[in-house]
Amino acid sequence: MSEFILYHTVTSPYARIVLAVVHEKNLTNKVSLVEAKTRVEGSSYYEINPSGRVPYLVRESDGMDYEDSSLIVDILDKESGSKQFGYSEGEVGITERRAEAQARSLLDGLAVWARERRRPGAEQSETIISHERARATRMTRFFEGEIKEPPYNKDSLNIVQLTLFVALDLERRPFGFDWRTGCPRLSEWKDRMAGRPSIRVICL
Ligand SMILES: N[C@@H](CCC(=O)N[C@@H](CS)C(=O)NCC(=O)O)C(=O)O
């Protein structure tokens, strides 16, 4: 029997971070994957998780539940007994946390942009969209300059890499996030990351 249920959608970038961690840590026997119906009026998922968001992890033994990708990654990391996705000690750890916050900042902005584009045409705000497009352009240029730094290039997969990858991979969604022009190093990095086994799984 599995020990956890992971409610997710295959399109949520936040859920994809957790799905990659489940595979990377060989936790597929311990974690049952259940697809949730989000953003649907009256979804039965709202009775399971009142926020209606994914990812959402429930421990089967006592029903304890966890929302938010960072927290869930932490729980799974502890569960498997090796802290692969934790931060290093001291200054190196601060550098890693800084990079994760920056990648998450890009991702959060893209999520707003994508969500806006899913609204009926007349309800979409061009002001919000152009604000988020400009933020994304500034940030991808920023990552183009940073991508040779250690947190992005460790051999052991880490949370910085996963967060930045799922953000950049939103290029495959149809809301217009075309970031590759002017970012050759970032393009090469993203394509290289896409070949890692735990990332290939979330790109199917
Ligand atoms: N900070 C959260 C963000 C989770 C989130 O926003 N998930 C979106 C999917 S990308 C969601 O579930 N949206 C459903 C809704 O807004 O009702 C995390 O890191 O897990």
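Counting starts at 1 for both ligands and their atoms, in listed order.
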In terms of ring plane angle, is the pair Tyr56 and Tyr7 parallel, tilted or perpendicular, where the classes change at 30° and 60°? tilted
Tell me whether the rings of Trp179 and Phe177 are parallel (<30°), tilted (30 to 60°) or perpendicular (>60°).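 Taking Phe177 first and then Trp179, their aromatic rings sit tilted (interplane angle of 30° to 60°).
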Close-contact set for ligand 1 against [X] heavy atoms, below 4.0 Å:
| X | answer |
| --- | --- |
| Ser12 | 9 (C), 10 (S) |
| Pro55 | 20 (O) |
| Pro13 | 10 (S) |
| Gly52 | 14 (C), 17 (O) |

Looking at Glu89, I want to see if its CD is surrounded by more than 12 non-hydrogen atoms of other residues, nucleotides or ligands under 6.0 Å.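 It does not: Glu89 CD has 12 such atoms or fewer within range.
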If you draw a 6.0 Å radius around CZ in Arg97, do more than 12 non-hydrogen atoms from other residues or ligands fall strictly inside?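 Open.
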Counting only heavy atoms closer than 4.0 Å, does ligand 1 sit against the backbone of Arg104, its side chain, both, or neither?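 The part of Arg104 near ligand 1 is the side chain, not the backbone.
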What residue and atom, counting heavy atoms only, is the protein's closest point to [atom], and at what distance?
| atom | result |
| --- | --- |
| atom 2 (C) of ligand 1 | Asp68 OD1, 3.4 Å |
| atom 6 (O) of ligand 1 | Arg53 NH1, 3.3 Å |
| atom 20 (O) of ligand 1 | Ser69 N, 2.8 Å |

Between Ser51 and Glu67, do the side chains contain an N or O donor and an N or O acceptor separated by less than 3.5 Å?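 Judged by distance alone, the side chains do pair up.
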Say whether Arg16 and Thr11, considering side chains only, have a donor N or O and an acceptor N or O under 3.5 Å apart. no
May I ask you to check whether [X] has an N/O atom sitting below 3.5 Å from an N/O atom of ligand 1?
| X | result |
| --- | --- |
| Tyr14 | no |
| Ser70 | no |
| Arg39 | yes |

Which one of Asp108, Val54, Leu71, Val166 has a non-hydrogen atom at the shortest distance from atom 4 (C) of ligand 1? Val54
Lys/Arg cation over aromatic Phe4: Arg59, 6.0 Å, 45° cone: no
Does Arg119 offer a backbone N or O that forms a donor-acceptor pair with the side chain of Gln124 under 3.5 Å?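 Pair found, side chain donor or acceptor close to backbone of Arg119.
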